[in-house]
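Heads up: the structure comes next, in structure tokens.
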Amino acid sequence: MSKFIALIPAAGSGSRMGHELPKQYLSLNNQPMIYHAINTLWQNRLITRILVILAPGDLEWFKYDWSQFSGKLVALNHGGTTRAESVLNGLIAAKQKDLVQSNDWILVHDAARPCLTSIQLENLITELAGDEVGGLLAVPVADTLKRIDASHRIIQTESRENLWQAQTPQMFRYDLLTQALHNAANANITDDASAVEALGLHPRLVLSDAYNFKVTYPQDLALAELILQERNNL
Ligand code: C5P
């Protein structure tokens with residue numbers, strides 16, 4: 001039987017946030033940001049393990065008490081210089097430690113998407129568990145898209161028809177994802193699906209919503225805090 005394993009690449013520096021502390025550790029509702037993603041993944045009864053891929057030498061992780069997640073949560077210090085490298089290193093290390101099997105589903109989720117809901121996660125798993133390829137949460141593009149030149153002048157307005165924004169989790173079987181990331185090692189990819197697409201495959205999109213955004217800029221942190229507080233008050 002295939003298992004469902006979550007993998008959180010958390011080895012980024014988050015330089016666009018303008019903080020010394022990597023963004024996964026910035027305080028969000030009195031917890032480090034990564035806590036919220038772990039908590040949502042941990043609550044899903046199909047997910048049996050959560051692998052967190054830390055930067056080598058990351059000591060910040062160990063300053064927090066993760067004992068409430070023990071049993072499922074495993075931290076591996078195998079992060080790389082890019083997100084794709086962190087995911088691939090994590091997958092390889094997990095297999096060496098017998099934490100995953102070839103046929104398991106891997107759900108890669110950014111540490112910086114703290115507003116993922118249990119319902120979105122369940123929809124993703126339900127819709128893809130029988131899929132040949134796998135896929136990801138995504139939302140249709142809402143804004144009008146402009147292509148610009150070096151001086152910020154519009155060259156062209158792009159059609160947004162059939163254009164979606166990729167989110168995470170992105171869910172693929174272990175062997176396929178490992179092979180895809182291995183093959184894409186020198187390509188400049190920013191998500192897991194791109195690596196799978198480069199094999200000529202067509203991952204499926206599962207409708208999510210804009211709340212599952214990636215905290216990237218300082219103002220995103222305040223927005224994530226409001227969303228989580230609102231949910232806690234319901
Ligand atoms: O920097 P960005 O927002 O694209 O990062 C997305 C996710 O990838 C974050 O969870 C970040 O910690 C992770 N990452 C990583 N290793 C890197 C760069 C980013 O695990 N070298």
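No experiment lies behind these values; they were computed from the predicted model shown. One-based numbering, in listed order, for ligands and for the atoms of each. For this chain, numbers begin at 1 and follow the sequence in order.
Contacts with ligand 1 closer than 4.0 Å are made by backbone heavy atoms (N, CA, C, O) of Thr82 only, the side chain lying farther away.
Remark: ligand 1 and Ile53 share no N or O pair separated by less than 3.5 Å (distance only, no angle test). Remark: ligand 1 and Thr216 share no N or O pair separated by less than 3.5 Å (distance only, no angle test).
When all heavy atoms of Leu199 and Ala180 are compared, the pair lying nearest together is CD1-CB, 3.7 Å.
Using a cutoff of 4.0 Å between basic side-chain nitrogens and carboxylate oxygens, Arg83 and Asp191 are not scored as salt-bridged.
Atom numbering of ligand 1 starts at 1 in the shown order; those under 4.0 Å from a heavy atom of Ser86 are 15 (C), 16 (N), 17 (C), 20 (O), 21 (N). Every atom of ligand 1 is numbered from 1 in the order shown, and the set under 4.0 Å from a heavy atom of Ala111 is 10 (O). Shown in contact with Gln24 at under 4.0 Å from a heavy atom are these atoms of ligand 1, numbered in order with element: 12 (O). Numbered from 1 in the order shown, with element, the atoms of ligand 1 that lie under 4.0 Å from a heavy atom of Lys214 read 2 (P), 3 (O), 4 (O).
For Asn123, the side-chain contact (heavy atoms from CB on, under 4.5 Å) criterion is met by Ile119, Val206, not counting sequence neighbours.
Aromatic ring centroids of Tyr35 and Phe69 lie under 6.0 Å apart.
The hydrophobic cluster containing Leu145 also includes Val141, Leu163, under a criterion of side-chain heavy atoms closer than 4.5 Å among ILVMFWY residues, counted directly or through chains of members.
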